[in-house]
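As structure tokens, the structure follows; a few thoughts come after it.
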Protein chains: 2
Amino acid sequence: MTDLSKRFTANPILHPRDVKPSMEGLVVECLLNPGAFTYGGKTYLLLRVAERPEQSADTVSAIVIDPAAPQGMRILSCKKGDPELDYLSDPRSFTYQGKTYLTTLSHLRLASSDDGVNFTVADKPTLIGEGPLETFGIEDCRVTEVEGTYYLTYTAVSADGYGVGMISTQDWQQFKRHGLIVSPNNKDCAIFPQKIGDSYFALHRPTLGAGLGGNFIWTASSPDLEHWGHHTCIARTRPGKWDSVRLGAGAAPTRTAEGWLEIYHGANEENRYCLGALLLDLNDPTKVIARSEQPIMEPTPTYETDGFFGSVIFTNGVVENGDELTVYYGASDLVVCGATFSIKEILASLH
Amino acid sequence: MTDLSKRFTANPILHPRDVKPSMEGLVVECLLNPGAFTYGGKTYLLLRVAERPEQSADTVSAIVIDPAAPQGMRILSCKKGDPELDYLSDPRSFTYQGKTYLTTLSHLRLASSDDGVNFTVADKPTLIGEGPLETFGIEDCRVTEVEGTYYLTYTAVSADGYGVGMISTQDWQQFKRHGLIVSPNNKDCAIFPQKIGDSYFALHRPTLGAGLGGNFIWTASSPDLEHWGHHTCIARTRPGKWDSVRLGAGAAPTRTAEGWLEIYHGANEENRYCLGALLLDLNDPTKVIARSEQPIMEPTPTYETDGFFGSVIFTNGVVENGDELTVYYGASDLVVCGATFSIKEILASLH
């Protein structure tokens, strides 16, 4: 193994305890996989905050997104023993009066920093799920700046499955919703920061069930960032390797002289998530020039190996500064961390 | 049950024996689910033809799409006992030298008719799979005429899964390929025959694995028919009913005074496929006005209940003539049939 990362000595840089719950009666259970970007001279993370209602012995509870409620969400509590309640079939959800509710729900929240290491988390959610396709929350947001506008691509979760939602903003005050840009089941969508030829491009990850295909990385292209076509599979799982079961793009690719550099995650049969690199042709990103044989980063310190879901490092936010690529990542589905890489070193590892 | 269909007395109108194999050494195993359209005063079907190599006791064989071969395809035969061959794990496929091959493969072939009942099938395939996303064939094509051009949306099948491919033509001689317009796994995509407001619309059917969601009908919209966004779920499976497990759109919707009328298929736990109707708002096809409580057509005659896969009626081709809607359909995954409906009667059944 050649771990090319230099982890922040301050890791983890954010814990659930650093985040104020969205409303009374909620607990922040996990911080996950932040998007990252710079704006107005500061570094920002767009955190995924997973909350659940406080537990009590005789009830089960869920967060329900409700535009009519003061905070845009409310708590639904059901008495155990209610004949219309089934909470024993699945620990992650329950059904009440025939409807399914998740026991935890994610929203997106900004955190800002002057130095890229010490972050201050906003007191309230920045974005919560909206409409019928986001009733179970929004997760794992990539942020790409394209021609002065920030495009946020995230996992929109509902009882209808999960697909890729998109929101755009120029000032982080006004947000425009663009609906689901890739149909379910799909996640891990990252938009390239500029047009290539006449088209915009994105990476995405269809999640397939049993049968043909697998959890592979695909590209798509678009004339307007809102409508996508020409879906093409570019990277598949590799039996016997660290990315044998599941792949997914990280943040927007970084343009280098040798090609588009994409840090992606791969998982194996043990659900161990590592990071690797893909190098894509500058003029045709459906062409893979090179791919990491070995991970460039593996879960190693305790905060990456032990947590809510151990042995997971997952990135969807990078900040580029010359040769230095700062990778923000979720560790063990519980805390947020950072590490720096040399772009040259990553490229050299791909030769 | 109220079966509103008037089946052709000539049913089935096409058998596998009516179709010439694509090349020597192949057998036409099944005729399935045709698209339908009118062109130059004739009625056309675009049949899905499923072929397999002739069997022999000591080999297993597959059709391999190969642009370098004279007919665009060739037969791969492997001796049973070859240590690089595994043919016992799955009757529908085998693996040889680490690659998977299907034992049957579908192409699309035109059949033409002056009366809409007696069809003459072309001697050769009209369209076969092309490129890495169609190596396992192309299936179940919908044909929609939009502004003088025919748009063909079909299931593109490969080892990477299956998604919706699109081909357009104006003269049925020259064809333009538009790649995958909806990412995998997805099928049953039908484009509306005209713009609604500023956008084109389509129906499609994501196939989800275990977990959230199901095999529901979605809509999408597009500025150019090639790039799609605003994916929205409009019709879900209904527990306990005839469409409890799986739904999918049929052909392009028919415009009526009351709304867009869509004949769709639904299947239950017994994989019994029936047809029903959806009525969608003329100005906003994401709004469902009405839906069949009971099927409008159920597999009943022997040719629908007994075949390659029994109790299946599946339509993706309709031809409209005033109040009469002729529905062409695949029966029991083996033969092609037709039936007529009164649009008024279908609408009345939805009230």
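Residue numbers start from 1 in every chain, and the chains themselves are labelled A, B, ... in the order their sequence lines are given, proteins ahead of strands.
For A/N316 (side chain) and A/C141 (main-chain N/O), a donor-acceptor pair under 3.5 Å exists by modelled atom type. Although no hydrogens or angles enter the test, the distance criterion places no donor-acceptor pair under 3.5 Å between the side chain of A/W260 and the main chain of A/N283. A distance-only check finds no donor-acceptor pair linking the side chain of A/E139 to the backbone of A/Y154 [under 3.5 Å]. With A/T232 contributing its side chain and A/H230 its backbone, the two residues share a donor-acceptor pair below 3.5 Å. Proximity of a side-chain donor or acceptor of B/S244 to a complementary backbone N or O of B/N268 within less than 3.5 Å is not detected. Here the side chain of A/R142 pairs a donor or acceptor atom with the backbone of A/A249 at under 3.5 angstrom.
Of residues 191-204 of chain B, those residues with a non-hydrogen atom less than 4.5 Å from any non-hydrogen atom of chain A are, in numerical order, B/H204.
Neither the backbone nor the side chain of B/V164 comes within less than 4.5 Å of any heavy atom in chain A. For B/W218, the part lying under 4.5 angstrom from a heavy atom of chain A is the side chain only. B/L133 touches chain A through its side chain: at least one heavy atom from C-beta onward sits under 4.5 Å away, while N, CA, C and O do not. The contact between B/A159 and chain A is made entirely by backbone atoms, counting heavy-atom distances below 4.5 Å. Residue B/S221 touches chain A through both its backbone and its side chain, counting heavy-atom pairs closer than 4.5 Å.
Under 4.0 Å is where a charged nitrogen must lie from a carboxylate oxygen, and between B/K187 and B/D140 no such pair does. Salt bridge present: A/R177 and A/E134 bring a charged side-chain N and a carboxylate O closer than 4.0 Å. For A/D90 and A/R92, the salt-bridge test passes: some basic side-chain N is under 4.0 Å from an acidic carboxylate O.
Of the listed residues (A/A210, A/P239, A/P184, A/G163), the greatest number of heavy-atom pairs within a distance under 4.5 Å of chain B belongs to A/P184. Chain B forms the most heavy-atom pairs under 4.5 Å with one residue out of A/G211, A/P223, A/G214, and that residue is A/P223. Note on B/A220, B/G213, B/G209: by heavy-atom pairs under 4.5 Å with chain A, the leading option is B/G213. Contacts with chain A were tallied for B/S183, B/P206, B/C233, B/G229; B/S183 has the most, counting heavy-atom pairs under 4.5 Å. Most heavy-atom pairs under 4.5 Å with chain B, from the set A/D160, A/D224, A/L212: that is A/D160. Among B/V182, B/I181, B/L208, the residue with the largest count of heavy-atom pairs under 4.5 Å with chain A is B/L208. Each of A/S93, A/G179, A/G161 has some count of heavy-atom pairs under 4.5 Å with chain B, and the biggest count is that of A/G161.
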Query - Verdict with reasoning, A/T219 to A/H231, per side chain to side chain donor-acceptor pair (under 3.5 Å) - result: CA-CA 6 Å; A/T219 58; A/H231 299 277; over 6 Å; no

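When each of A/W242, A/F314, A/Y273 is paired with A/Y264, the ring-ring contact (aromatic ring centres under 6.0 Å, His included) condition holds for A/W242 and for no other.
Dense packing is recorded around CD of B/E84, with more than 12 heavy atoms of other residues, nucleotides or ligands lying under 6.0 Å away.
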